Trainee: 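Below: one structure in structure tokens.
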Amino acid sequence: MKAIVISAYGAPEALHITELPDPVPAPGEVLIRVKAFGLNHAEAYMRAGAWGEVAAVPGIECAGWVESDPSGQLAPGTRVVAILGGMGRTRNGSYAELVTVPATNVVTVNSPLEWPELAAVPEVYATAWHGLFGNLGLRNGERVLVRGATSSLGQAAVNLAVDHGVNVLATTRNPAHAPLLKELGAEDVLIDDGDLAAQVRSGAHTVDAVFDLVGNNVLRDSLATVRPRGRVCQLGFLGGFEPVRDFNPIADLPTGVQLSFFGSAFVLGSPEFPLTDVPLDAIYAKVESGAMSARPVRVFRFHEIVEAHRVMEAGEALGKMVVIVD
């Protein structure tokens with residue numbers, strides 16, 4: 001099979017197309033013929049060596065059809081999406097014509113959407129769903145601040161929150177991106193200057209929860225942004241991996257405010273966080289009808305993977321990008 005491998009940890013040019021033996025599914029796994037895969041910042045971190053030694057073939061999600069299932073549960077040709085399950089981290093991932101995935105991380109799809117549209121949804125929407133309605137427990141009429149909202153995961157969070165009657169304050173560092181977030185349904189857009197707490201205090205909105213994709217370097221500010229007994233969930237590290245220096249819960253964690261973390265790479269597909277909790281078919285139906293804006297903003301071909309990673313790292317996409325396997 002054709003596969004994209006990390007030849008050495010570093011820049012996008014470290015990605016090379018090569019031939020590898022076809023993988024064979026073990027019991028409890030499914031072999032998938034990959035038709036398209038989404039691009040995720042996690043794959044850039046792994047390619048660069050930021051997360052230590054990882055599998056040779058990157059890729060944490062894909063859309064395709066079942067090539068074989070030793071259990072007999074899924075017939076060959078069944079349309080599926082697959083998310084995580086160690087792909088790209090502890091086992092070869094989806095940047096390939098074929099990939100084996102734990103059966104618990106494979107979901108059948110009934111949508112007629114094309115492969116690129118199917119591949120644009122799984123990872124970001126599954127993560128956003130668990131963060132919004134699992135960790136944060138958001139309810140109709142509450143208000144969430146999505147910090148880092150122009151990222152593909154941030155846009156997924158805005159889409160899902162608005163769809164469920166949650167009021168959304170979205171943030172961006174670039175005022176030119178505000179119209180995009182308004183189109184997704186955000187009631188207001190804040191320009192993130194690192195001191196959102198002050199902006200919220202001086203404004204008319206009370207924030208019940210923060211869906212934080214920027215990460216450690218704004219944690220104190222995010223905690224100060226929510227109301228008493230509000231909730232903060234950290235899901236990303238767009239601001240970098242530097243730890244929070246001298247964090248003191250007594251001084252830095254406001255009384256009653258709840259802080260949680262959702263690391264999709266470690267838990268999605270586990271018994272505690274099953275993929276069946278995420279209504280993917282309902283999400284796909286809303287994408288198909290136009291009720292939810294989740295189609296890819298850019299589609300690359302397999303041989304354009306280096307350019308795709310360059311665009312992703314430059315932050316030029318403003319949405320989800322995918323690669324088709326042809």
Side-chain angles (χ1 to χ4, degrees), residues 40-42 44-45 50 124 127-128 131-132 135-136 138 142-162 166-228 230-247 252-254 257-264 293 297 311-321:
N40 298 276
H41 283 284
Y45 300 147
V124 289
T127 301
L132 291 169
N135 283 41
L136 291 174
L138 283 163
E142 288 195 302
R143 179 172 290 108
V144 63
L145 185 145
V146 178
R147 193 162 199 169
T150 54
S151 67
S152 56
L153 177 50
Q155 290 185 42
V158 174
N159 267 328
L160 286 173
V162 170
V166 176
N167 300 305
V168 176
L169 293 179
T171 80
T172 176
R173 291 178 299 168
N174 187 341
H177 298 162
L180 165 67
L181 299 174
K182 286 277 196 176
E183 288 174 13
L184 293 178
E187 62 177 341
D188 202 358
V189 177
L190 304 181
I191 306 305
D192 195 342
D193 59 0
D195 190 8
L196 289 179
Q199 293 189 50
V200 169
R201 283 195 299 269
S202 64
H205 301 303
T206 297
V207 173
D208 299 294
V210 174
F211 184 97
D212 189 344
L213 300 175
V214 178
N216 292 347
N217 65 339
V218 297
L219 177 59
R220 288 184 174 92
D221 185 55
S222 289
L223 290 169
T225 299
V226 294
R227 63 168 173 80
R231 294 95 72 196
V232 175
C233 180
Q234 186 170 311
L235 302 96
F237 303 93
L238 294 176
F241 294 108
E242 184 71 21
V244 183
R245 294 187 181 278
D246 302 318
F247 185 81
D252 296 320
L253 189 59
V257 171
Q258 302 170 28
L259 171 64
S260 67
F261 172 71
F262 187 76
S264 61
S293 177
V297 296
V311 173
M312 178 167 59
E313 291 199 318
E316 299 171 355
L318 293 182
K320 187 73 173 184
M321 301 190 298

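When a residue number appears, it is its place in the shown sequence, counting from 1. Quantities reported herein were computed from a predicted structural model and do not represent experimental measurements.
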Trainee: So, do Val144 and Asp208 sit near enough that their side-chain heavy atoms are less than 4.5 Å apart?
Mentor: no

Trainee: Which heavy atom of Ala170 sits nearest a heavy atom of Ala149, and at what distance?
Mentor: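 Looking at all heavy atoms of both residues, the shortest contact is CB-CB, 3.7 Å.
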
Trainee: Does Glu142 have any side chain to side chain donor-acceptor pair (under 3.5 Å) partners at least two apart in sequence or in another chain, and if so, which?
Mentor: Arg139, Arg231

Trainee: Within the 4.5 Å heavy-atom criterion, are Asn40 and Lys320 side-chain neighbours or not?
Mentor: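 Touching, per the 4.5 Å side-chain cut-off.
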
Trainee: Considering all heavy atoms of both residues, which atom of Ala224 and which atom of Arg201 are nearest to each other, and what is their separation?
Mentor: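 What the structure gives for the nearest pair is O-NH1, 4.2 Å.
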
Trainee: Quick one: which residue pairs count as a salt bridge (Lys or Arg N to Asp or Glu O under 4.0 Å) with a foot in residues 167-185, not counting sequence neighbours?
Mentor: none

Trainee: I need the full list of side chain to side chain donor-acceptor pair (under 3.5 Å) pairs touching residues 150-162, with sequence neighbours left out, sorted by first then second residue.
Mentor: Tyr125-Asn159

Trainee: Can you tell me how far CG of Asp246 sits from CZ of Arg220, rounded to the nearest 0.5 angstrom?
Mentor: 7.0 Å

Trainee: Are any non-hydrogen side-chain atoms of Val297 and Leu318 less than 4.5 angstrom apart?
Mentor: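 A side-chain contact is absent here, since even the closest heavy-atom pair is not under 4.5 Å.
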
Trainee: Between Leu219 and Asp252, is there a side-chain heavy-atom distance shorter than 4.5 Å?
Mentor: no

Trainee: Nearest 0.5 Å, please: how far is CG in Leu190 from CG in Asp195?
Mentor: 11.5 Å

Trainee: Taking ring pair (Phe, Tyr, Trp, His ring centres under 6.0 Å) as the test, write out the residues that go with Phe261, two or more places apart.
Mentor: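 Testing Phe261 for ring pair (Phe, Tyr, Trp, His ring centres under 6.0 Å), a comparison that skips the adjacent residues, returns none.
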
Trainee: So which atom in Cys233 and which in Asn135 form the shortest heavy-atom distance, rounded to 0.1 Å?
Mentor: SG-ND2, 3.6 Å

Trainee: Rounded to the nearest 0.5 Å, how far apart are CG of Leu235 and OG of Ser264?
Mentor: 8.0 Å

Trainee: With sequence neighbours left out, what residues match Asn216 under side chain to side chain contact (heavy atoms under 4.5 Å, CB included)?
Mentor: Gln234, Phe237, Val244

Trainee: Only one of Asp192, Asp212, Thr172 passes side chain to side chain donor-acceptor pair (under 3.5 Å) with Arg147; say which it is.
Mentor: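 The passing option is Asp192.
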
Trainee: Check whether any side-chain heavy atom of Leu145 lies under 4.5 Å from a side-chain heavy atom of His205, and answer yes or no.
Mentor: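 No; the side chains remain at least 4.5 Å from each other.
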
Trainee: Show, in sequence, the C-alpha distance, side-chain angles and deciding distance for Leu132 and Val166, and conclude whether the side chain to side chain contact (heavy atoms under 4.5 Å, CB included) test is met.
Mentor: CA-CA 10 Å; Leu132 291 169; Val166 176; over 6 Å; no

Trainee: What residues, two or more places apart in sequence or in another chain, satisfy side chain to side chain contact (heavy atoms under 4.5 Å, CB included) together with Val162?
Mentor: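 If we apply the side chain to side chain contact (heavy atoms under 4.5 Å, CB included) test to Val162, skipping adjacent residues, the hits are Val158, Val168.
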
Trainee: Hey, does Ile191 have a side-chain heavy atom less than 4.5 Å from the side chain of Thr171?
Mentor: no

